[in-house]
Peer 1: 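Have a look at this one before I ask anything.
Letters A, B, ... are given to chains in the order of the sequence lines, protein chains preceding strands, and every chain is numbered from 1.
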Amino acid sequence: MAGSPVQMTGTVLTTRRVDAYHALTVVAPGIADRFRPGHFVTVAAGGRDTSMLTRRALTVHDVKPDYGGTVELVFAVRGAGTAWLAEVKARDTLDLVGPLGRPFPLPRDPCTCVLVGGEYGSASLFALGDALQTRGCRIDFVLGATTAERVFGALRARRMGETTTLTTEDGSLGMRGKVTDVLPGVIADARADVVYACGPMAMLRGVTAVAVEFGIPVQVAVEEHMACGIGVCMTCVVPVIGEDGVTRMLRACVEGPVFRGERVRFDDVGTIPFDALGAPGGRNV
Amino acid sequence: MELPNPVLTAAGCGGTGRELAQFFDVARLGAFVTRSITMAPRAGRPTPRMAETPSGLLNAVGLQGPGVEAFLERELPWLAERGARTIVSVGGGTVAEFTALSRRLADAPGITAVEVNLSCPNVEDRGRMFARDGSAAAEVVASVRAAIRYDVPVIAKLSPDVADIVAVARSCVDGGADALAMINTPAGMSIDVDAMRPTLAAGAGGLSGPAVRPLAVRCVWQAHAALPGVPIIGMGGVTTGRDALELILAGACAVAVGTATFHDPYACPRILRELEELLTERGFDRLADAVGLAHRPAGTGPRGRTDLEESSL
């Protein structure tokens, strides 16, 4: 299997702060070789004999061929595990598993794509942008966050994208507001054929609504809490409508993290919809 | 039942087997224990289903699964094809459901044993789990034993959330259990202090990981002391070969690995290798010689015992 994940001990090459976020570049040839845009990587936090049993799923910002293959992982400090990762130094080693998940599907023919990123979700869009541009696609970026230092990758987006529109909720960078406020204009101006999005669930929900309004396909990469990242713990489930019209609780780590936006029941995330397959007292039992 | 090695997956911790097969050959496991299979498909509990606690993991997945028909059609044949020995965990809300499920499994080829998940809520007893009461547990075990082919062992999986685990274990054996598996996750809870709400959507969940290992060792110890002839599969926080040996010395003849797999996809083959190394280092020719060895009276050497049970499952 080409996309089959591997576990490896990677040496940290560099660490850096990127505004409100942390980035670690790790030597991981086996993961870099297999990586496709949209894939993620999990790391074990806390070192040997750690008391933290779940792996942390991290976004891959960049994959480079140096040292046989490196991956740059981007994360925000949200708890004890990510706080430990933020303290990792160059030459430390990390236990990595990846690449994991289903990558973004790419269009067969050149088309115009709008890439929407919220918070550090934008990190996963640059590898995607490269892949799309290699296929002759035009790409336009819309990146947003609550404040300026939480917008990830604005500079790189400006270099790569045909256009780049930034939004912050406090108006400290770009337009004041949310990505969904400016997205209709960007789609219309670019005459976009497809939207790709990665970020918080509420943003993905808004982006999907806009794309549906325009009648264009939307691919979203969801962020759900995971324990294992390999499909065995069953904790990262999201209600998703299948080809057959039946809603199933799908694992974000293996059936996702990329889903067709209009198939995800955003309003029902965090619940078991009554009509989901196997819902308590539901019709489909 | 003879298994080629004593390391199994714990129920509900190995997916369908396909997920782990990306990392190692599932035929290298002593046996693959499935998630608890139910009669009908189940969507499980809402999210968040998981919370990390110190050296532990709380979960409330709610037995999400595709139901027995899809299991027999898509999952069991795949495991058989891969050469895995499959122990099917079964779950239900009533004795009748366990009976129906066992009948459905009775003719299926490729089942090495059936493990009865007695921690399911008994809908006829205000949702209290079968495992809390010896007679309710025995009734379920007997119903499964009656439906499953005589040469397929039935394993009763016990909960530590009981006043007297030995009494429940004895009832299950009297009800026809060929072996015991312990422990299922004890109930626990965590509260998100920032949100001031329970962390799990379900409120409480099952606690697993090294945090519960002493509880598992105590349960296995007590059951082995009271029922030395009954094979025990030990589980609860096994993360290394040393942890596995601890449960074996307490009286388990096989160990299951659960939460460790979430942290390390290779946990099962790694723990087996570490266990084999430890046994060799200590001069054991056979695993059976180590089973329950910690029970020997103080002052006696680790060798030369003649009264050990030959506890192949």
Side-chain angles (χ1 to χ4, degrees), chain A residues 1 3-8 42-46 48-56 79-81 95 97 100 201 224-239 246-254 268-282 284-285, chain B residues 9-10 12-24 35 38-67 70 194 199-201 205 208-211 237 239-240 258-267 270:
Chain A
M1 237 189 304
S4 173
V6 292
Q7 182 176 34
M8 60 193 311
T42 62
V43 304
R48 260 182 69 89
D49 302 321
T50 179
S51 68
M52 293 181 268
L53 306 183
T54 65
R55 298 184 71 87
R56 269 56 180 177
D95 167 0
V97 175
L100 297 167
M201 211 56 105
E224 255 300 331
H225 282 286
M226 295 175 186
C228 72
I230 58 169
V232 295
C233 78
M234 304 301 291
T235 61
C236 60
V237 295
V238 184
V246 177
T247 297
R248 293 179 179 79
M249 300 306 294
L250 297 188
R251 295 162 294 181
C253 66
V254 289
D268 298 318
V269 169
T271 72
I272 303 294
F274 75 94
D275 56 345
L277 181 70
N284 288 310
V285 167
Chain B
T9 55
C13 299
T16 61
R18 285 180 171 91
E19 296 84 357
L20 293 183
Q22 297 183 99
F23 298 95
F24 64 88
R35 53 189 156 172
T38 51
M39 210 52 198
R42 281 175 66 116
R45 296 277 200 171
T47 54
R49 290 177 168 184
M50 173 271 292
E52 197 177 61
T53 60
S55 294
L57 186 70
L58 273 173
N59 85 86
V61 169
L63 303 189
Q64 178 174 344
D194 298 319
T199 317
L200 300 181
S208 65
T239 305
T240 63
T259 311
T261 297
F262 301 169
H263 187 80
D264 172 10
Y266 291 96
R270 175 179 54 77

Peer 1: Please check: side-chain N/O of Q64(B) versus main-chain N/O of M234(A), any donor-acceptor pairing under 3.5 Å?
Peer 2: no
Peer 1: Distance from C228(A) atom SG to L57(B) atom CG, nearest 0.5 Å?
Peer 2: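 The CG atom of L57(B) is 10.0 Å from SG of C228(A), to the nearest 0.5 Å.
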Peer 1: With only heavy atoms counted, which part of P54(B) is less than 4.5 Å from chain A, the side chain, the backbone, both or neither?
Peer 2: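 For P54(B), backbone heavy atoms alone lie under 4.5 Å from chain A.
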Peer 1: Does any heavy atom of chain B fall under 4.5 Å from the side chain of V237(A), the backbone, both, or neither of them?
Peer 2: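 Both backbone and side chain.
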Peer 1: For A43(B) versus M249(A), what's the shortest heavy-atom pair and its separation?
Peer 2: O-CG, 3.6 Å
Peer 1: Give a yes or no answer on whether the side chain of R42(B) reaches the backbone of G278(A) with a donor-acceptor pair at less than 3.5 Å.
Peer 2: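 No: the side chain of R42(B) does not pair with the backbone of G278(A).
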Peer 1: Sort T53(B) into side chain, backbone, both or neither according to what part of it lies under 4.5 angstrom from a heavy atom of chain A.
Peer 2: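 For T53(B), the contact with chain A is made by the backbone alone.
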Peer 1: If you round to the nearest 0.5 Å, how far is OG1 of T47(B) from NE2 of H225(A)?
Peer 2: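 Going from the NE2 atom of H225(A) to the OG1 atom of T47(B) covers 9.5 Å.
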Peer 1: Kindly indicate whether the side chain of C233(A), heavy atoms from C-beta on, has any atom under 4.5 Å from the side chain of N59(B).
Peer 2: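 No, side chains not in contact.
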Peer 1: Rounded at 0.5 Å granularity, tell me how far CG in L53(A) sits from CE in M50(B).
Peer 2: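 Taking CG in L53(A) and CE in M50(B), the distance rounds to 10.5 Å.
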Peer 1: Without swapping roles, check the side chain of E52(B) against the backbone of T54(A) for a donor-acceptor pair under 3.5 Å.
Peer 2: yes
Peer 1: Is any side-chain heavy atom of F23(B) less than 4.5 Å from a side-chain heavy atom of S4(A)?
Peer 2: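 They are not in contact (no side-chain heavy atoms under 4.5 Å apart), so the answer is no.
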Peer 1: Could you walk me through whether Y266(B) and Q7(A) pass the side-chain contact (heavy atoms from CB on, under 4.5 Å) test, one step at a time?
Peer 2: CA-CA 8 Å; Y266(B) 291 96; Q7(A) 182 176 34; 2.8 Å; yes
Peer 1: Got a second to check how far R18(B)'s CZ is from I230(A)'s CD1, nearest 0.5 Å?
Peer 2: 15.0 Å
Peer 1: For R251(A), is it the side chain, the backbone, both or neither that has a heavy atom under 4.5 Å from a heavy atom of chain B?
Peer 2: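 Interface part for R251(A): side chain.
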Peer 1: Among the options G62(B), A201(B), C13(B), P66(B), pick out the one with the most heavy-atom pairs lying under 4.5 Å from chain A.
Peer 2: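 Heavy-atom pairs under 4.5 Å are most numerous for C13(B).
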Peer 1: Look at V254(A), T235(A), V6(A) and state which one has the largest set of heavy-atom pairs under 4.5 Å with chain B.
Peer 2: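 Counting heavy-atom pairs under 4.5 Å, the top option is T235(A).
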Peer 1: Measure across G14(B) and V232(A) and return the closest heavy-atom pair with its distance rounded to 0.1 Å.
Peer 2: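 Looking at all heavy atoms of both residues, the shortest contact is C-CG1, 3.6 Å.
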Peer 1: Counting only heavy atoms closer than 4.5 Å, note whether R45(B) contacts chain A via side chain, backbone, both or neither.
Peer 2: backbone
